[in-house]
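Following: one structure in structure tokens, then a few remarks.
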Amino acid sequence: MDEKTQIVTFLGIPFNLSNIISGTIAAFLVFCLVFWLSRNIQMKPSGRQNLLEWIIDFTNGIVKSAIPDEAGKSYGLLAFTLFVFIFVANQLGLAIEVSYNDYNFMKSPTSMPMTTMTLAFIVFLLAHYMGVKKFGFKGYFVNTFMSPMKALLPINILEQFTNFITLALRLYGNIFAGEILLTLIYKLAKINAFVFIPASVLELIWQGFSVFIGSIQAFVFTTLTMVYISQKIEKE
């Protein structure tokens, strides 16, 4: 890939414009989607309200599978927000990609490692914070790092970092690889008229598959988030 990213510096801190623009647009689209789906809520749902309630029921099911007791009800909104944002972010690059003078300004936010690492870091901090909030620092430390036995302390510490890295890189790798392949197929289609039609068909097929992969990755990220939180707030 020969695309470059535009970096701007503010107060001595470098910012990737592609990250900022893509992430902001994804968040705006999520806001517009949820705002539109939630207008004219009725006791007897119909139309778009059915879709909204289905998504809420789906994400609530993810929470219940990991945190089955009453504590799980506190995380329904988090699961809903994560799932919808990641789903939209995963699909954004399939519909819109903006480049100028070899600089890429917009694609799927989750095809960039800083976005997925930021999401994973938020989950990492939240999970540990909720553990401290529930058990106090001593109880949290024993439950997280010294269970089921004290000898596992080094492994449990290492596990926290591997959970963070794998959560971020799993999402990034799947979305980035999908967009790379779509770009390669697009370049193949421009070679000559003989390969244009088969390459176009292949691109349509891969775009459909990418929608499926993006949906699965949104589900996996949300599920693992709830699992990691449950590990911190449930007694081992």
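- Heavy-atom contacts from other residues, nucleotides or ligands closer than 6.0 Å to NZ of Lys134 number more than 12.
- Atom OG1 in Thr116 sits 8.5 Å away from atom CG in Leu167 (nearest 0.5 Å).
- Here the closest heavy-atom approach between residue Trp36 and residue Arg48 is recorded as NE1-NH1, 2.7 Å.
- Within the 3.5 Å criterion, the main-chain N or O of Thr144 finds no donor-acceptor partner in the side chain of Ser147.
- For the pair Pro109 and Leu92, the tightest heavy-atom approach, listed with the atom from each and the gap, is CD-CD2, 3.9 Å.
- The distance from the OH atom of Tyr172 to the CE atom of Met114 is 12.0 Å, given to the nearest 0.5 Å.
- If you take NZ on Lys150 and CG on Leu152, they are separated by 12.5 Å, rounding to the nearest 0.5 Å.
- Looking at heavy atoms from C-beta onward, Leu182 lies in side-chain contact with Gln207 at the 4.5 angstrom threshold.
- Both Phe85 and Val34 are assigned to one and the same hydrophobic cluster, defined by single-linkage of ILVMFWY side chains at heavy-atom distances under 4.5 Å.
- Following chains of ILVMFWY side-chain contacts shorter than 4.5 Å, one can reach Leu37 starting from Ile86, so the two form part of one hydrophobic cluster.
- Of all the heavy atoms in Ser215 and Val211, the pair that sits closest is OG-O, 2.8 Å.
- In this pair, Phe209 and Trp206 present their aromatic rings tilted. The plane angle is within the 30 to 60° band.
- Separation of atoms OG (Ser111) and CG (Asn174) is listed at 12.0 Å; rounding is to 0.5 Å.
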**OP:** Evaluate the side chain to side chain contact (heavy atoms under 4.5 Å, CB included) criterion for residues Gln91 and Phe87: first the C-alpha distance (whole Å), next the side-chain angles of each, then the deciding distance (0.1 Å), finally the verdict.
**Re:** CA-CA 6 Å; Gln91 315 303 335; Phe87 174 81; 3.6 Å; yes
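- Val84 is connected to Trp54 through a chain of hydrophobic side-chain contacts under 4.5 Å among Ile, Leu, Val, Met, Phe, Trp and Tyr, so both are in one cluster.
- Of the possible donor and acceptor atoms, none in the side chain of Asn19 sits under 3.5 Å from a partner among the backbone N and O of Thr115.
- The CG atom of Leu126 sits 9.5 Å away from the NZ atom of Lys133 when rounded to the nearest 0.5 Å.
- In plain terms, the two heavy atoms of Val88 and Ala26 that are nearest each other are CG1-O, 4.1 Å.
- In this structure, the side chains of Thr110 and Gln217 stay at 4.5 Å or more apart for every pair of heavy atoms.
- Within 6.0 Å of atom CZ in Phe58, more than 12 heavy atoms from other residues, nucleotides or ligands are found, so the atom counts as buried in its surroundings.
- Between Gln231 and Gln160 the shortest side-chain heavy-atom distance does not fall below 4.5 Å.
- Listed for the Thr59 side chain is no donor-acceptor partner under 3.5 Å among the backbone atoms of Leu77.
- Using a 4.5 Å heavy-atom threshold, the side chains of Ile229 and Leu78 count as touching.
- Leu184 CG to Leu202 CG: the interatomic distance, rounded to the nearest 0.5 Å, is 10.5 Å.
- Connection of Phe161 to Met146 is established within a shared hydrophobic cluster, with ILVMFWY side chains joined at heavy-atom distances below 4.5 Å, either directly or through further cluster members.
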**OP:** Begin from the C-alpha positions of Phe124 and Asn163 and carry the test side chain to side chain contact (heavy atoms under 4.5 Å, CB included) through to its verdict.
**Re:** CA-CA 8 Å; Phe124 176 84; Asn163 286 346; over 6 Å; no
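- The aromatic rings of Phe145 and Tyr140 stand perpendicular to each other, their planes meeting at an angle above 60°, with 30° marking the opposite boundary.
- Side chain of Ser22 to main chain of Lys107: a donor-acceptor pair is present (N/O by atom type, distance under 3.5 Å, no hydrogens or angles).
- Across all non-hydrogen atoms, the minimal contact from Ile233 to Phe135 is O-CZ, 3.4 Å.
- Looking only at distances, a side-chain donor or acceptor of Ser108 sits under 3.5 Å from a matching main-chain atom of Gly93.
- Cluster annotation: Leu153 and Phe164 are assigned to distinct hydrophobic clusters (Ile/Leu/Val/Met/Phe/Trp/Tyr, side-chain heavy-atom contacts under 4.5 Å, transitive).
- Counting all heavy atoms, side chain and backbone alike, Met226 lies closest to Tyr75 at SD-CB, 3.9 Å.
- The shortest side-chain heavy-atom distance between Val132 and Tyr129 does not fall under the 4.5 Å cut-off.
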